[in-house]
Amino acid sequence: MQKKVSRIAVLTSGGDSPGMNAAVRAVVRTGLYNGLEVYGVMRGYQGLIEDDLFKMESRSVANIIQRGGTILKTARCKEFYTPEGRKKGYDILAKRGIDGLVVIGGDGSFKGALALSKEYNIPCVGLAGTIDKDIVGTDFTIGFDTAVNTAIEAIDKIRDTADAHDRLFIVEVMGRDAGYIALHSGIATGAESILIPERKTDIEEVINSLVEKERRKKLVNIIVVAEGDEFGGANEVAKAVRARMPQIDARVCILGHIQRGGSPSAIDRLIASRMGYHAVESLLEGRHNVFVGIMNNRMNYVPLENIGKKKGTISEEWMKIVKILAS
Ligand SMILES: Nc1ncnc2c1ncn2[C@@H]1O[C@H](COP(=O)(O)OP(=O)(O)OP(=O)(O)O)[C@@H](O)[C@H]1O
Ligand SMILES: O=P(O)(O)OC[C@H]1O[C@](O)(CO)[C@@H](O)[C@@H]1O
Ligand SMILES: [Mg+2]
């Protein structure tokens, strides 16, 4: 029979994302409600291997649901990629009698949790917290909606100045290997072209469409590029456009880390709260080594084993919509 979980720890790992605090709050309060002891781990796996843990009470998570960043802080920890690093992490958990771990982070953080759970049989549950939304098995990741809204707000402002000067703006948004922020913010701001890692960029097509729009005297143009686009990001796109259309006044704007900050949107607070609650329920019910996602508004428990096996797909219909609406 499976041992009952009685003392759990929670950490945030990888890039922070708005809503991580709401998720930590939900994990802590659901854990305490169920009579568990809950420990917070500072700075993700780095804090784990350095034994930087503290006992959390209900008040530890008061007044944080609305705050961006993460009160537990986060890190990218090189040592955790190695079996030696993970052994250090496990030894700390064992020393403290922790028998369940909640990991809030992205695909990399889940791979770390999977490796740990396989090597040491420690129950882990993941919460999808990343602005990139590059995790298959969930319609939302915590922070994605806020990041998209931040990008939209910024691009709307860029459009004002682009309009005033009749300029082309090439805006780079985040997304290391995934184009979801670019796609969603680009559609929502009426971008002419959206360049994403999931599609090979046909720069000729992008330029031809600008030539055609210039012919029709369309003066304001916005191109949204995901940082991970294989053509090389906004600066490369600008270089190619300027080479072919020197008459165009093209400017580049890289939005960068503003997309990771700010108060979480309603959607991010809600999904973080639901996922956090269900992460603890999962540990209690023996549904281990899964991450908690939401599909079609229902909880979806995906084995951590599946992480990285499939890449998210972006349907042709989305791309068609981009083209038709920008014409
Ligand atoms: N394959 C792996 N094995 C063990 N640990 C890993 C592995 N991949 C990542 N990790 C751990 O998880 C941490 C976070 O991973 P990563 O930097 O990929 O961010 P992430 O969780 O994917 O979040 P995001 O992409 O949103 O920033 C890494 O610094 C490392 O400590
Ligand atoms: O802040 P860092 O460590 O440079 O990471 C940047 C990366 O993290 C992400 O913001 C995801 O968290 C990616 O979109 C981006 O490529
Ligand atoms: Mg990632």
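Note that ligands are numbered from 1 as they come in the structure, with each ligand's atoms numbered from 1 the same way.
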Would you say Glu227 has any N or O atom under 3.5 Å from an N or O of ligand 2, going by distance alone?
-> yes
Could you check ligand 1 for N or O atoms lying under 3.5 Å from protein N or O atoms and list the pairs with distances?
{"from": "ligand 1", "atom 1": "8 (N)", "to": "Gly108", "atom 2": "O", "distance (Å)": "3.2"}
{"from": "ligand 1", "atom 1": "10 (N)", "to": "Gly108", "atom 2": "O", "distance (Å)": "3.2"}
{"from": "ligand 1", "atom 1": "17 (O)", "to": "Arg76", "atom 2": "NH1", "distance (Å)": "2.8"}
{"from": "ligand 1", "atom 1": "19 (O)", "to": "Arg76", "atom 2": "NH1", "distance (Å)": "3.1"}
{"from": "ligand 1", "atom 1": "21 (O)", "to": "Gly106", "atom 2": "N", "distance (Å)": "3.0"}
{"from": "ligand 1", "atom 1": "21 (O)", "to": "Ser109", "atom 2": "N", "distance (Å)": "3.0"}
{"from": "ligand 1", "atom 1": "21 (O)", "to": "Ser109", "atom 2": "OG", "distance (Å)": "2.5"}
{"from": "ligand 1", "atom 1": "22 (O)", "to": "Asp107", "atom 2": "N", "distance (Å)": "3.3"}
{"from": "ligand 1", "atom 1": "22 (O)", "to": "Asp107", "atom 2": "OD1", "distance (Å)": "2.6"}
{"from": "ligand 1", "atom 1": "22 (O)", "to": "Gly108", "atom 2": "N", "distance (Å)": "2.9"}
{"from": "ligand 1", "atom 1": "25 (O)", "to": "Arg176", "atom 2": "NH2", "distance (Å)": "2.9"}
{"from": "ligand 1", "atom 1": "26 (O)", "to": "Thr130", "atom 2": "OG1", "distance (Å)": "2.6"}
{"from": "ligand 1", "atom 1": "27 (O)", "to": "Gly15", "atom 2": "N", "distance (Å)": "2.8"}
{"from": "ligand 1", "atom 1": "27 (O)", "to": "Arg76", "atom 2": "NH1", "distance (Å)": "2.8"}
{"from": "ligand 1", "atom 1": "27 (O)", "to": "Arg76", "atom 2": "NH2", "distance (Å)": "3.2"}
{"from": "ligand 1", "atom 1": "29 (O)", "to": "Cys77", "atom 2": "N", "distance (Å)": "2.7"}
{"from": "ligand 1", "atom 1": "31 (O)", "to": "Cys77", "atom 2": "N", "distance (Å)": "3.4"}
{"from": "ligand 1", "atom 1": "31 (O)", "to": "Cys77", "atom 2": "O", "distance (Å)": "2.7"}

Arg76: numbered ligand 2 atoms lying under 4.0 Å from its heavy atoms = 2 (P), 3 (O), 5 (O), 6 (C), 7 (C), 8 (O)
Got a salt bridge between Glu50 and Arg43, using NZ or NE/NH1/NH2 to carboxylate O under 4.0 Å?
-> yes
Element-labelled atoms of ligand 2 that are located less than 4.0 Å from some non-hydrogen atom of Gly175 = 14 (O)
So Lys133 and Asp139, salt bridge (Lys or Arg N to Asp or Glu O under 4.0 Å) or not? Walk me through it.
-> CA-CA 8 Å; Lys133 202 172 92 71; Asp139 292 335; over 6 Å; no
Residue selection (non-hydrogen contact nearest atom 8 (O) of ligand 2) among His257, Met174, Arg260 | Arg260
Per-atom contacts of ligand 2 with Gly15, taking only distances under 4.0 Å to non-hydrogen atoms = 12 (O)
Distance in Å, Phe80 CZ paired with Ser109 OG, rounded so as to fall on 0.5 Å steps = 9.5 Å
Side-chain donor-acceptor pair present, Thr70, Asp16, cut-off under 3.5 Å = no
Checking Arg251 against Phe169: charged group under 6.0 Å from the ring centre and within 45 degrees of the axis?
-> no
Counting heavy atoms only, which part of Gln259 comes closer than 4.0 Å to ligand 2: side chain, backbone, both or neither?
-> neither
Any chance the side chains of Ser265 and Asn149 put a donor and an acceptor closer than 3.5 Å?
-> no
Going by an N to O cut-off under 4.0 Å, is there a salt bridge joining Arg96 and Glu37?
-> no
Would you tell me whether Arg269 and Ser263 have side-chain atoms, one donor and one acceptor, within less than 3.5 Å of each other?
-> yes
What's the verdict on salt bridge (Lys or Arg N to Asp or Glu O under 4.0 Å) for Glu316 and Lys320, showing C-alpha distance, side-chain angles and the deciding distance?
-> CA-CA 6 Å; Glu316 280 308 322; Lys320 193 174 163 195; over 6 Å; no
What's the shortest distance from atom 14 (O) of ligand 2 to any protein heavy atom, and which residue and atom give it?
-> Asp132 OD1, 2.7 Å
If we only count N/O pairs under 3.5 Å, is Thr130 in contact with ligand 2?
-> no
Can you tell me if Asp107 has an N, O or S atom under 2.8 Å away from the Mg ion (ligand 3)?
-> yes
Please determine, by modelled atom types, if Gln46 and Glu79 share a side-chain donor-acceptor pair under 3.5 angstrom.
-> no
Roughly how far, to the nearest 0.5 Å, is the CZ atom of Arg25 from the OG atom of Ser58?
-> 8.5 Å
Which bit of Ile131 is near ligand 2, meaning a heavy atom under 4.0 Å away: side chain, backbone, both or neither?
-> side chain
